[in-house]
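Basis for what follows: all heavy atoms, side chains included, without hydrogens, waters or symmetry-related copies.
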Amino acid sequence: MENKHSGTGNDNATGTATKEVSFLNRIDLSSPDIHQSVSLLKQACLDCGFFYVINHGISEELMEEVFEQNKKFFELPLSEKMKVLRNEKHRGYTPLFDELLDPDNQVHGDYKEGYYIGVEVPEDDPKAEKPFYGPNVWPSDDILPGWRHTMEKYYLEALEVARAIVRIIALALDLEADFFDKPEILGQPLALLRLLKYPGQISDPSNGVYGAGAHTDYGLITLLSTDDVYGLQICKDKYAQPRVWEFIAPLKGAFIVNLGDMLERWSNCLFKSTLHRVLGNGQERYSIAYFVEPSFDCLVECLPTCKSEKNPPKFPPVIYGDYLGQRYKDTHIDLNVYNKLQS
């Protein structure tokens with residue numbers, strides 16, 4: 001595969017180093033050998049918390065359509081995109097610099113645009129009173145015909161892929177395969193689809209400029225689909241000094257899957273939520289992230305198979321919705337800033 005990244009180098013001001021491409025295990029969802037799939041996945045979760053998922057069942061045609069529609073939205077004039085600005089339920093458009101993931105090392109927010117789509121809950125549904133539940137915000141069908149239909153179809157199909165992956169994760173943790181299918185976990189998940197565009201900007205870590213600052217994801221797992229432009233990097237050991245960053249190669253038709261903070265807590269740090277970031281290299285880059293989150297009221301506490309007298313729980317139990325709400329508050333611009341700009 002042609003390398004479209006910057007190779008080995010140093011981010012001098014941040015005390016980090018960059019090395020070549022990291023090689024990831026491939027989990028084949030069409031494989032009848034579940035033992036091999038569990039083994040490969042467990043090895044990946046213990047090593048770096050990232051892996052590819054291939055033969056996942058979503059058609060190439062739908063994947064292409066989602067990326068085409070993704071690009072069409074971000075090509076709209078800013079005035080049109082601002083009509084569907086992110087609301088308090090985290091639905092809609094996020095402009096450049098809306099999110100600040102690594103305040104210690106970034107001079108301003110992430111150099112990316114985004115668009116959030118979540119679980120569709122009517123306004124008159126009692127669940128809509130909770131954070132992150134409610135109706136989605138959609139661009140006008142007159143401007144982007146078929147856009148909503150494509151995104152809703154992809155949202156549902158990606159959720160089924162996520163359920164299949166999570167069943168393998170459960171087996172890798174010596175649980176019953178359907179452990180995470182419980183109503184309070186993935187029965188009513190807070191899955192969030194986020195469309196992303198990184199403009200053709202060159203990141204400069206030594207001066208605090210990133211496509212996306214270093215961070216871990218918040219929930220259970222994330223499914224990432226990306227174009228063929230390099231940019232995603234992972235740091236296998238977030239406590240190492242200097243941090244070593246490795247590029248993740250795009251793999252056509254595959255999902256890049258990573259573990260979130262809740263799986264690290266559930267597994268008592270057996271499986272790690274891995275630090276990652278995005279560096280721009282001057283090329284536009286499009287990606288689609290699907291954040292698989294437990295239900296809002298899910299109590300996340302150490303799994304019975306991941307604790308013992310010699311290895312007690314490292315984290316106190318936490319209600320997931322409270323955790324998620326705080327993380328979003330910490331990393332996103334206050335909406336009042338936009339209200340003032342538009343008034």
Original post:
Has Gln188 got more than 12 heavy atoms of other residues, nucleotides or ligands less than 6.0 Å from its CD?
Top reply: no

Subject >> Inter-residue atom distance Asp334.CG - Glu88.CD, 0.5 Å rounding >> reply: 11.5 Å

Original post:
Which pairs with one or both residues in residues 37-47 pass salt bridge (Lys or Arg N to Asp or Glu O under 4.0 Å), sequence neighbours excluded?
Top reply: Asp47-Lys236

**OP:** Among Ile, Leu, Val, Met, Phe, Trp and Tyr joined by side-chain contacts under 4.5 Å, find the other residues sharing a cluster with Leu100 and list them by chain and number.
**Re:** none

Subject >> Option from Glu246, His215, Gln233 for which side chain to side chain donor-acceptor pair (under 3.5 Å) with His276 holds >> reply: His215

**OP:** Flag the pair Phe97 / Tyr111 as yes when their ring centroid distance falls below 6.0 Å, and as no otherwise.
**Re:** yes

Original post:
For the ring pair Tyr115 and Phe74, is the centre-to-centre distance below 6.0 Å?
Top reply: no

**OP:** With Ile256 as reference, evaluate Leu251, Leu224, Leu223 under the side chain to side chain contact (heavy atoms under 4.5 Å, CB included) test and give the passing residue.
**Re:** Leu224

**OP:** Show your working on side chain to side chain contact (heavy atoms under 4.5 Å, CB included) between Ser225 and Phe67 and close with a plain yes or no.
**Re:** CA-CA 9 Å; Ser225 182; Phe67 270 90; 3.2 Å; yes

Original post:
For the residue pair Phe179 and Trp266, is the inter-centroid distance of their aromatic rings smaller than 6.0 Å?
Top reply: no

Subject >> Non-neighbouring partners of Lys89 that pass salt bridge (charged side-chain N to carboxylate O under 4.0 Å, His left out), sequence neighbours left out >> reply: none

**OP:** Could you check Glu68 against Lys71 for salt bridge (Lys or Arg N to Asp or Glu O under 4.0 Å), going step by step and ending with a plain yes or no?
**Re:** CA-CA 5 Å; Glu68 188 178 319; Lys71 193 171 184 180; over 6 Å; no

**OP:** Compute whether any side-chain donor of one residue and acceptor of the other, for Tyr323 and Asp261, lie under 3.5 angstrom apart.
**Re:** yes

